[in-house]
Protein chains: 2
Amino acid sequence: MDQGGRPSPPSLNALRAFEAAARHGGYVGAAKELHVTPAAIGTQVKGLEAWLGRPLFHRLANGLVLTPEGRDVLPSLSAAFDALNGAVRAMRAVGRPRSLTVAALPCIAQLWLAPRLPDLQAAFDLDVTILTRDEQPDYARDLVDLGLYVGDAAPAGCTSVVLARDDLFPVCTPALAAGLRHPGDLAGATLLHDSVWRADWPRWLAAHGAGTLRPAREAAFSLYSVALDAALAGSGVLIGHRALVADALGGGRLVAPFGDRAVAGPPLRLIVPEGGEGMRLAPVIRWLSEGGEPGRRDGPPFT
Amino acid sequence: MDQGGRPSPPSLNALRAFEAAARHGGYVGAAKELHVTPAAIGTQVKGLEAWLGRPLFHRLANGLVLTPEGRDVLPSLSAAFDALNGAVRAMRAVGRPRSLTVAALPCIAQLWLAPRLPDLQAAFDLDVTILTRDEQPDYARDLVDLGLYVGDAAPAGCTSVVLARDDLFPVCTPALAAGLRHPGDLAGATLLHDSVWRADWPRWLAAHGAGTLRPAREAAFSLYSVALDAALAGSGVLIGHRALVADALGGGRLVAPFGDRAVAGPPLRLIVPEGGEGMRLAPVIRWLSEGGEPGRRDGPPFT
DNA sequence: CTCCAGGCCAAGAAAATCTTGGCCTCAGCC
DNA sequence: GGCTGAGGCCAAGATTTTCTTGGCCTGGAG
């Protein structure tokens with residue numbers, strides 16, 4: 001007969017933390033998703049378990065496993081948070097009808113998207129937000145409209161459009177190129193590459209009969225655009241991604257010393273979350289997939 | 001090209017505050033629902049509007065009206081929170097499979113439910129939580145399994161079972177009853193009533209030809225059970241609710257001086273939220289609707 | 001055998017949230 | 001016309017929730 005003792009519901013944040021932890025199978029993944037530390041997730045989950053009166057996870061040495069109770073509860077909880085996410089997404093679309101958020105690899109953002117940005121904004125009157133992230137976002141949960149990544153397939157729950165092949169081939173200044181006739185000549189050169197793409201050079205060399213070549217020097221850059229700057233400055237030979245060095249090649253500032261001897265890499269893809277606002281964004285997607293040329297509008301982009 | 005500037009989603013609490021405010025058409029109602037002050041709701045809504053970049057409510061002098069944006073957004077948001085609520089409810093059921101939470105008018109809790117509670121708990125091995133509240137809870141949102149209120153109908157979204165008629169008729173100690181032959185004799189008595197049911201006496205008097213009667217004295221009690229105690233002590237004549245004075249009548253401690261001259265009031269109803277755990281609770285509901293006699297089990301109450 | 005990933009905990013810091021109390025505006029009503 | 005009450009707004013400060021830090025513990029992999 002407790003007068004005021006209402007059974008207060010658990011905090012929404014605790015529910016969200018548990019849901020994320022269960023989905024990721026651990027606190028670390030959940031923490032990353034929610035942009036907090038694993039300990040914070042742990043605290044929240046513990047609080048929820050206290051509210052419930054029984055554990056939701058079995059704590060094993062190497063991670064977490066849902067208890068039967070947790071397994072029973074998870075689906076409806078996940079569905080609810082998906083619905084909530086959808087509502088928030090719709091809300092943002094209502095609030096900023098002319099905004100577009102694109103997630104992309106830093107180098108793609110800088111070297112492929114940035115040059116096209118003015119035309120894109122002009123063509124559609126958009127406020128574009130660019131998120132540069134090394135990993136693809138979770139399109140179902142993050143407030144991201146489109147992704148721009150290289151890969152052989154779209155992540156689950158997304159469709160994709162191939163925007164450009166992304167062949168690999170060496171590029172350098174014309175001056176350096178003069179001394180490069182055969183792949184073997186690279187042994188005397190400085191090879192430039194992006195540190196997250198350290199496999200690029202070995203792949204190309206192996207494909208062109210120089211798998212055992214040990215270059216005179218190497219230089220790794222954590223940002224591809226810095227590596228590109230180095231190549232432009234004549235510091236060495238960069239393993240070029242076609243989509244990213246096209247500009248420099250077109251202007252003649254860089255050349256491909258070995259011509260069309262390329263190896264194919266995963267293409268540059270425009271990632272489109274399914275079930276999202278595909279409708280609203282269709283003209284933008286078309287524009288991008290047609291190469292980003294301005295002034296190609298069939299009608300008003302938004303209705 | 002903002003590196004870390006992710007478009008952080010709005011806080012879950014802000015979303016909930018807005019949803020409640022929109023549903024109630026004002027901060028006051030929402031504040032009551034969420035057990036905070038209206039100012040807190042206002043702050044949250046303002047924060048959400050700031051995140052959105054546009055207002056969700058038109059502020060009128062006498063209240064709030066949703067803007068078109070707000071109206072667009074509300075349905076999906078409400079649906080999401082309904083889903084979340086359902087998940088929480090399911091969670092609690094998983095965590096405490098033998099618990100039952102009943103909301104009831106204080107007087108009903110005390111005078112009708114409390115006497116039956118031991119048998120109920122014994123019959124079903126339940127942990128019963130009783131919430132005494134003057135107003136019916138929001139069954140869709142509060143963590144309440146059943147309600148016990150008088151009324152002519154179940155609230156929206158609920159079904160109900162009539163547990164007992166709730167006729168009104170005067171009751172008093174046998175000693176006092178000796179002086180009461182006709183309704184008119186009440187003019188010389190002290191009339192007892194519950195302050196939230198101040199209409200009871202006038203209704204009965206009007207129905208029995210004493211509409212203009214002005215009693216010698218009146219006494220109002222904020223708790224019906226206290227009024228009942230007063231009647232038991234011989235302080236006056238209580239306007240009795242059949243469901244609540246049955247015990248005292250049965251024991252002979254009170255009598256009905258005018259016999260079966262009663263007026264019908266809204267019956268006592270057991271409120272059962274739809275779509276909830278009707279299944280799980282079916283045996284309990286049957287037991288209660290059969291008058292709360294113990295030992296009438298067809299099978300295990302929970303599966 | 002050592003290292004590492006991943007979880008746990010406690011203490012303190014930071015942030016979100018709530019309350020208070022005063023102000024303003026309007027509608028309804030003397 | 002002036003009063004009154006409902007309902008919203010705001011700022012300041014208190015409170016509660018949530019997060020981080022840093023150290024500890026465990027079991028599996030190299």
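Because only heavy atoms are used, hydrogens play no part in the values below, and waters and symmetry mates are left out as well, while side chains stay in. We name chains A, B, ... by the order of the sequence lines, and we start the count at 1 in each one. What you see is a predicted model; the values in this text were computed from it and never measured.
- Proximity of A/Leu84 to B/Arg16: side-chain heavy atoms (C-beta onward) are nowhere separated by under 4.5 Å.
- Using a 4.0 Å heavy-atom distance criterion, B/Gly42 is classed as making no nucleic acid contact.
- The side chain of A/Gln44 contributes an N or O atom lying less than 4.0 Å from OP1 or OP2 of D/dC19.
- For A/Glu49 and C/dC9, the CD to C1' distance is 15 Å, given to the nearest whole Å.
- A/Leu48 has its CG atom 15 Å from the C1' atom of D/dT17, to the nearest Å.
- Regarding A/Ile41, its CD1 atom lies at a distance of 9 Å from the P atom of D/dT20, rounded to whole Å.
- Between A/Thr37 and the phosphate of D/dT20, there is a side-chain N or O to OP1/OP2 separation shorter than 4.0 Å.
- Atoms CG (A/Leu12) and P (C/dT17) sit 10 Å apart, rounded to a whole Å.
- The nearest whole Å value for the distance from the OH atom in A/Tyr27 to the P atom in C/dG6 is 14 Å.
- Counting to the nearest Å, the P atom of C/dG6 and the NE2 atom of A/His24 are 13 Å from each other.
- Here A/Leu60 lies out of heavy-atom contact (under 4.0 Å) with every strand.
- Aromatic ring orientation, A/Tyr224 versus A/His241: perpendicular (interplanar angle above 60°, classes split at 30° and 60°).
- When distances are taken from the side chain of B/Ala40 to each of C/dT17, C/dT19, C/dC9, the shortest belongs to C/dT19.
- Contacts of A/Ser11 with the nucleic acid, taken as non-hydrogen atoms under 4.0 Å apart, involve only primed sugar atoms and P, OP1 or OP2.
- Nucleotide D/dT18 holds its P atom 10 Å from the CZ atom of A/Arg16, rounded to whole Å.
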